[in-house]
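Taking it in order: structure first as structure tokens, then the write-up.
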Number of protein chains: 2
Amino acid sequence: MLRNQTNYTESDRTLRKQTQRNRRKSASKRYKLLLTCVVCNGDAHGYNFDAISCESCKAFFRRNALRPPGKLKCCGNGNCNISFDQRKRCKKCRLDKCLQTGMRKEWILTDKEKQEKRIKIEQNRRLKQIHDNDNEHQQQITRRSKTDSELSTDFQNVSSSIICQTLLTEIDWSRIKRLQHAYAEAVKLNQTAGISQYPLIQPIYSTLELFRVPLYISSMRLITFFKQIPEFQQLDKDEQVYFVKLNTLTIVFLHSIFIYDYQNEIYHEPNTNDPLYLEIDWMNTINKEFHYEMKQIQMNFINLKQFDDNIMKIFFLITLFSNYFTFQYSTININTLNVFKTQNIYNELLYKYCLHHYGFNKTSLLLLQYTTNIMKIQKLITKFKSTAHNYMDITQLTPVMQSLL
Amino acid sequence: MLRNQTNYTESDRTLRKQTQRNRRKSASKRYKLLLTCVVCNGDAHGYNFDAISCESCKAFFRRNALRPPGKLKCCGNGNCNISFDQRKRCKKCRLDKCLQTGMRKEWILTDKEKQEKRIKIEQNRRLKQIHDNDNEHQQQITRRSKTDSELSTDFQNVSSSIICQTLLTEIDWSRIKRLQHAYAEAVKLNQTAGISQYPLIQPIYSTLELFRVPLYISSMRLITFFKQIPEFQQLDKDEQVYFVKLNTLTIVFLHSIFIYDYQNEIYHEPNTNDPLYLEIDWMNTINKEFHYEMKQIQMNFINLKQFDDNIMKIFFLITLFSNYFTFQYSTININTLNVFKTQNIYNELLYKYCLHHYGFNKTSLLLLQYTTNIMKIQKLITKFKSTAHNYMDITQLTPVMQSLL
DNA sequence: GTAGGTTCACTCAGTTCA
DNA sequence: TGAACTGAGTGAACCTAC
Ligand SMILES: [Zn+2]
Ligand SMILES: [Zn+2]
Ligand SMILES: [Zn+2]
Ligand SMILES: [Zn+2]
């Protein structure tokens with residue numbers, strides 16, 4: 001009976017692991033060059049895709065099994081002999097025989113799995129390199145607190161679906177949609193110059209690079225995002241500039257937490273072809289304490305069960321319109337009341353949104369946590385701005401970027 | 001010392017391994033000039049068509065082996081000597097010797113296989129090119145959903161045979177035949193200016209080109225098709241123009257789904273010498289969302305087991321006679337009842353046709369699916385028309401084409 | 001050590017052009 | 001016609017997580 005292509009699922013994967021483990025236990029020593037490929041009778045080293053097969057059939061199967069059927073054709077009558085020296089003659093029959101003899105296409109990794117694997121390898125390589133080159137005080141940041149396992153998946157999977165309902169009025173609803181749209185537009189309008197078909201891992205070797213590449217893109221996107229917000233447009237030009245200068249960098253780092261992929265320990269704006277940035281690389285920029293504290297804040301965010309991208313986007317705006325230097329920098333005449341009102345629009349929106357989604361009890365705690373952590377970032381950034389010149393040659397940045405520091 | 005391909009038995013493994021290793025090793029080292037052509041004794045590089053042969057015999061064999069036998073004649077007595085410097089003397093004997101010494105004509109690719117290979121190369125080239133120079137928004141459309149396995153072959157093979165029987169009256173039958181004929185005529189009357197003997201792959205680099213070349217041809221053909229339909233002829237001139245303007249573009253895209261070759265990922269009107277258009281190229285026109293949604297619809301169609309070109313053609317007409325803007329565009333005085341009747345003729349025809357071919361149970365579901373998806377296209381096109389100017393300079397199109405937007 | 005993927009030199013189809 | 005060339009596919013050798 002030919003295999004009837006089933007959609008494989010999680011359980012398949014578990015099964016694979018199981019099978020492999022059992023096999024290891026039972027057949028321990030004996031085979032090495034003593035096996036015969038069940039497909040072509042060539043020499044086999046062991047199991048490949050759940051059948052004892054040779055290297056060539058392994059590669060053949062990997063390359064062809066997932067191709068849509070029907071592409072391969074048999075020139076004979078569909079039962080060509082597949083032997084060691086004739087295996088190349090008929091692909092169709094070779095593939096059929098592979099399947100017949102029990103090779104499983106479900107065990108071929110998907111593109112996504114391959115990508116993940118690649119990331120993991122790259123990460124380890126980098127890690128090793130760091131260890132090798134600079135084994136000075138490498139005071140490792142706690143690279144993983146293994147405790148909070150599945151919280152992270154929440155973070156990944158939270159869908160941002162808004163169900164129009166009681167609390168949120170039509171206007172609120174459209175406002176949120178506009179935020180989503182504005183953000184998506186902002187991302188689209190500021191593309192990186194990536195080349196590869198799958199996102200590449202781009203190393204970062206210095207603070208300057210950090211600010212010239214990933215943070216620069218983020219900044220541009222955020223500013224584009226702001227510019228699309230009506231309430232922002234209604235501010236004076238001066239006020240616009242003031243708030244962007246004052247708060248963008250904070251938001252950039254808030255944003256970086258937002259795009260951090262906890263699973264793979266990389267920074268990557270989802271649904272883009274942006275390069276991937278390894279956390280390890282970021283860690284080696286600026287200084288250790290900065291990232292240590294940032295990591296704490298990041299963890300706090302990730303531990304929030306309700307990590308929601310709409311909340312994040314609203315917070316971007318609330319942060320943008322915050323003026324914590326009310327007294328210090330009175331160089332510019334800010335219409336405080338107006339800004340306050342604007343900020344309040346989004347505070348209210350956020351509050352209603354949270355009430356709707358998370359209920360009364362959770363909401364206040366949730367907002368408190370968000371706010372607290374954002375204020376921590378603000379503080380950290382304020383401190384950083386005053387010492388930024390210690391970590392890079394600021395004149396090497398674009399003027400826009402300089403103005404954000 | 002010629003390679004005599006004996007079948008090795010199980011126990012011969014060692015020998016086989018030896019042989020294989022030898023062949024590989026020797027082949028790799030003394031790659032050049034150590035082999036001898038079994039046909040003409042010239043220098044050979046390796047196997048060609050399953051016999052060790054030189055470049056010239058390889059080319060000779062490819063060019064001549066598939067020619068009808070008897071065309072070549074020997075001027076001697078059929079056993080001319082074929083040697084390095086005499087090989088050109090007698091084609092007949094050279095070909096005979098090729099066959100004798102084991103060259104296989106089955107291994108010469110057929111025209112179809114060659115075409116497929118060409119497509120594959122072109123596709124890769126295009127893919128590479130895209131990644132090289134235009135690395136903006138490269139967000140890959142899910143290029144293949146591996147789920148739908150053999151459905152696709154159905155799509156290819158559905159024959160359009162109509163068996164005259166109970167349900168379909170003589171008139172229905174002739175109507176369908178007329179549709180088929182009208183369509184074939186329309187295709188014939190609007191030929192592309194292709195010259196080559198096999199269809200060429202024609203690249204498309206912009207939305208403008210898309211509309212100037214493949215979609216233009218499709219439009220012309222469809223309009224020619226409509227013009228041959230009696231019910232269409234009976235409409236007022238104004239009404240004709242109205243419906244053509246209103247619906248042709250929708251039908252053009254419906255048609256594009258119809259001519260999409262799932263196996264090769266190309267667009268090509270079957271049985272013509274039209275150029276081939278790569279799906280990859282289409283994907284880079286207009287915008288991503290448009291093609292993404294169109295792809296979904298395409299998949300829905302391909303997943304219909306009953307993908308039948310008669311149904312398609314009837315639906316072209318039903319779509320043509322649909323007036324979904326009844327209220328909005330009342331600029332022209334449409335005899336709604338008349339049009340409705342006309343559309344109904346084809347609705348009934350379609351219904352009977354489906355009943356006949358697919359039975360009662362399937363029919364309603366089938367028609368529902370078709371209709372739903374066509375309405376999706378309609379919607380997509382309506383949206384597109386309002387923004388078409390963003391994607392190309394419309395004035396560059398022919399007037400007819402402009403009027404369809 | 002096993003069994004996934006990756007790499008790259010190599011083979012053999014077709015294609016080009018003097 | 002055939003020498004030179006192109007590119008998809010093959011498989012041995014290799015890399016790495018588990
Ligand atoms: Zn094998
Ligand atoms: Zn076969
Ligand atoms: Zn020869
Ligand atoms: Zn002769």
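Numbers restart at 1 for each chain; the letters A, B, ... are given by sequence-line order, proteins then strands.
When the salt bridge (charged side-chain N to carboxylate O under 4.0 Å, His left out) test is applied to B:Lys114, the partners found at least two apart in sequence or on another chain are B:Asp111.
At whole-Å resolution of the value, CH2 in B:Trp107 and P in C:dG14 are 12 Å apart. In this entry the distance linking CG of A:Asp85 with C1' of D:dT10 reads 15 Å, nearest Å. Taking atom CG of A:Leu109 as the reference point, atom P of D:dT16 lies 16 Å away to the nearest angstrom. Going from atom NE2 of B:His45 over to atom C1' of C:dC12 covers 12 Å, rounded to whole Å. Distance B:Asp50 CG to C:dA13 C1': 13 Å, rounded to the nearest Å. Residue B:Lys114 contributes atom NZ, which lies 11 Å from atom C1' of C:dA13 at whole-angstrom precision. In this entry the distance linking NZ of A:Lys91 with C1' of C:dC12 reads 12 Å, nearest Å.
For the pair B:Tyr260 and B:Glu265, the tightest heavy-atom approach, listed with the atom from each and the gap, is OH-CA, 3.4 Å.
At a threshold of 4.5 Å between non-hydrogen side-chain atoms, the residues B:Lys117 and B:Leu109 count as touching. Side-chain contact check for B:Tyr205 versus B:Asp281: every heavy-atom pair is 4.5 Å or farther apart. Contact of the A:Ile52 side chain with the A:Thr36 side chain is not registered, since no non-hydrogen atoms from C-beta on lie closer than 4.5 Å.
The neighbour count for B:Asn271 CG, taken as heavy atoms of other residues, nucleotides or ligands under 6.0 Å away, does not exceed 12.
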Q: Taking Watson-Crick and G-U wobble pairs with both distances under 3.5 Å, convert DNA chain C into its dot-bracket string, 5' to 3', dots for unpaired and | for cross-strand pairs.
A: ||||||||||||||||||
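In the set D:dG9, C:dT6, C:dG4, the nucleotide with an atom closest to the side chain of A:Asn48 is C:dG4.
Taking the charged nitrogens against the carboxylate oxygens, B:Glu279 and B:Lys295 do have a contact shorter than 4.0 Å, which makes a salt bridge.
Geometric assessment of A:Arg87 against the ring of A:Phe60 yields a negative cation-pi assignment under the 6.0 Å and 45° thresholds.
Distance NZ/A:Lys97 to CZ/A:Phe61: 14.5 Å, rounded to 0.5 Å.
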Q) What string of B, S and - do you get for nucleotides 2-8 of chain D, 5' to 3', when a contact is any protein heavy atom under 4.0 Å? A) B-B--SS
